[in-house]
Enquirer: 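Can you read through this structure? Questions will come right after.
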Amino acid sequence: MTACSLSFIPMTDHDLDWVVEQEAILHRFPWSRRNFADSLAAGYACWMMRDTDEPVGYAVVLDVLDEAHLLNISVIRAAQRRGLGSSLLGYLLSTAQEDGIRQFFLEVRPSNQGAIAFYRRAGFVEIAQRKGYYPSRDGREDAIVMKLEL
């Protein structure tokens with residue numbers, strides 16, 4: 001994989017079967033097809049990342065005025081640990097900045113230490129906590145809210 005083989009294209013309804021299949025593999029509490037379809041219908045920034053025409057990742061971002069909120073970012077298991085998550089996040093951040101976004105927010109599970117470290121490396125800082133935000137095996141799990149100034 002080389003950086004020049006990566007492309008980023010808007011997600012469409014035609015991508016949803018693949019996205020939902022990957023989502024179920026990647027996450028214990030996956031988004032539903034309806035979640036993705038609603039995001040597309042609402043005009044959220046929904047992206048596919050391809051490596052030489054093969055889909056390897058996807059993301060959903062909600063823009064509101066000069067703020068963006070990362071709702072979902074995922075890279076397929078077979079393509080993980082190769083810097084593709086950083087490439088996808090970098091694309092989202094640069095696109096947001098081009099669109100006049102000044103602040104980028106996200107939530108992450110405290111139990112997901114790998115993701116927290118990933119976001120910190122990208123410059124995100126922890127700013128708050130949301131109680132009982134995520135579903136979990138034992139009921140609910142808090143969320144750490146992180147922010148990056150662009």
Side-chain angles (χ1 to χ4, degrees), residues 1-64 67-99 101 104-124 126 129-148:
M1 192 268 326
T2 61
C4 62
S5 66
L6 290 179
S7 61
F8 305 91
I9 62 169
M11 185 187 295
T12 70
D13 290 333
H14 298 292
D15 297 308
L16 292 184
D17 287 342
W18 182 87
V19 169
V20 170
E21 179 182 332
Q22 297 308 311
E23 184 77 0
I25 293 167
L26 293 168
H27 303 287
R28 182 172 289 169
F29 298 95
W31 276 29
S32 68
R33 181 183 189 88
R34 178 77 183 237
N35 293 136
F36 287 103
D38 287 350
S39 295
L40 284 170
Y44 294 2
C46 302
W47 293 99
M48 298 292 297
M49 178 174 61
R50 297 183 182 276
D51 182 4
T52 320
D53 263 357
E54 291 298 316
V56 293
Y58 53 92
V60 178
V61 179
L62 167 62
D63 294 342
V64 179
E67 297 179 3
H69 194 97
L70 181 63
L71 302 178
N72 191 316
I73 185 170
S74 299
V75 173
I76 63 170
R77 283 221 161 71
Q80 290 179 0
R81 305 268 182 237
R82 293 196 245 158
L84 294 180
S86 293
S87 294
L88 180 52
L89 182 60
Y91 177 79
L92 299 173
L93 294 173
S94 67
T95 300
Q97 198 166 26
E98 289 170 9
D99 291 342
I101 300 298
F104 210 99
F105 295 90
L106 61 87
E107 285 92 13
V108 63
R109 292 174 184 269
S111 62
N112 193 344
Q113 290 297 309
I116 293 168
F118 169 73
Y119 294 129
R120 282 183 180 150
R121 283 192 303 274
F124 283 85
E126 298 174 27
Q129 200 168 66
R130 296 188 198 280
K131 295 288 184 192
Y133 187 77
Y134 289 112
S136 73
R137 282 189 169 171
D138 302 322
R140 306 295 296 178
E141 182 177 3
D142 293 347
I144 295 171
V145 180
M146 301 183 85
K147 174 181 162 182
L148 176 66

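From a predicted model like this one, the values you see are computed outputs, not experimental measurements.
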Enquirer: Are the side chain of Asp51 and the backbone of Leu6 linked by a donor-acceptor contact shorter than 3.5 Å?
Expert: no

Enquirer: Check Ala115 against Val108 and note the closest heavy-atom contact, atom names and distance.
Expert: CB-CG2, 3.7 Å

Enquirer: Taking the side chain as C-beta and beyond, is there a heavy-atom pair between Lys131 and Arg140 under 4.5 Å?
Expert: no

Enquirer: Any side-chain heavy-atom pair from Glu67 and Leu62 closer than 4.5 angstrom?
Expert: no

Enquirer: Taking everything shown except Tyr44 itself, do over 12 heavy atoms lie less than 6.0 Å from its OH?
Expert: no

Enquirer: Which is it for Ser111 and Glu141 under the side chain to side chain donor-acceptor pair (under 3.5 Å) test, yes or no, and what are the steps along the way?
Expert: CA-CA 9 Å; Ser111 62; Glu141 182 177 3; 2.7 Å; yes

Enquirer: More than 12 heavy atoms of other residues, nucleotides or ligands under 6.0 Å from CZ of Arg34: is that the case?
Expert: no

Enquirer: Which pair of non-hydrogen atoms, one from Val20 and one from Ser32, has the smallest distance, and what is that distance?
Expert: CG2-C, 4.4 Å

Enquirer: Would you say that Phe8 contacts Leu92 through its side chain, given a criterion of any heavy-atom pair below 4.5 Å between the two side chains?
Expert: no

Enquirer: Once you round to the nearest 0.5 Å, how far does CG of Leu89 lie from CE of Met49?
Expert: 10.5 Å

Enquirer: Between Arg77 (side chain) and Ile25 (backbone), is there a donor-acceptor pair under 3.5 Å?
Expert: yes

Enquirer: Given side chains that start at C-beta, do those of Arg82 and Val56 come closer than 4.5 Å, heavy atoms only?
Expert: no

Enquirer: Please round to the nearest 0.5 Å and tell me the distance separating atom CZ of Arg109 and atom OG of Ser136.
Expert: 7.0 Å

Enquirer: Once you round to the nearest 0.5 Å, how far does CE of Met11 lie from OH of Tyr58?
Expert: 8.0 Å

Enquirer: So, do Leu16 and Leu40 sit near enough that their side-chain heavy atoms are less than 4.5 Å apart?
Expert: yes

Enquirer: Below 4.5 Å, heavy atoms only, C-beta onward: do Ile9 and Arg50 meet side chain to side chain?
Expert: yes

Enquirer: Given side chains that start at C-beta, do those of Phe124 and Phe104 come closer than 4.5 Å, heavy atoms only?
Expert: yes

Enquirer: Within the distance-only criterion (no hydrogens, no angle test), does the side chain of Glu23 pair as donor or acceptor with the backbone N or O of Trp31 below 3.5 angstrom?
Expert: yes

Enquirer: Show the nearest heavy-atom pair for residues Ala59 and Leu88, with the distance to one decimal.
Expert: CB-CD2, 4.2 Å

Enquirer: Could you check whether any side-chain N or O of Asp15 sits under 3.5 Å from a backbone N or O of Thr12, counting only pairs where one atom can act as donor and the other as acceptor?
Expert: yes

Enquirer: Drop me the distance from Gln129's CD to Tyr133's OH, to the nearest 0.5 angstrom.
Expert: 13.0 Å

Enquirer: Take Ser74 and His27 through the side chain to side chain contact (heavy atoms under 4.5 Å, CB included) test and state the conclusion after the steps.
Expert: CA-CA 9 Å; Ser74 299; His27 303 287; 2.9 Å; yes

Enquirer: Nearest 0.5 Å, what's the CG-CG distance between Leu93 and Leu70?
Expert: 8.5 Å

Enquirer: Do Ile76 and Trp18 come close enough that some side-chain heavy atom pair is under 4.5 Å?
Expert: yes

Enquirer: So which heavy atom on Ala45 is nearest to which on Trp47, and how close?
Expert: CB-NE1, 3.6 Å

Enquirer: Would you check if the side chain of Tyr119 reaches a backbone N or O of Leu148 as a donor-acceptor pair within less than 3.5 Å?
Expert: no

Enquirer: Can any side-chain N or O of Gln80 pair as donor or acceptor with the backbone N or O of Val75 at less than 3.5 Å?
Expert: yes

Enquirer: Nearest 0.5 Å, please: how far is CZ in Phe36 from CG in Leu71?
Expert: 10.0 Å

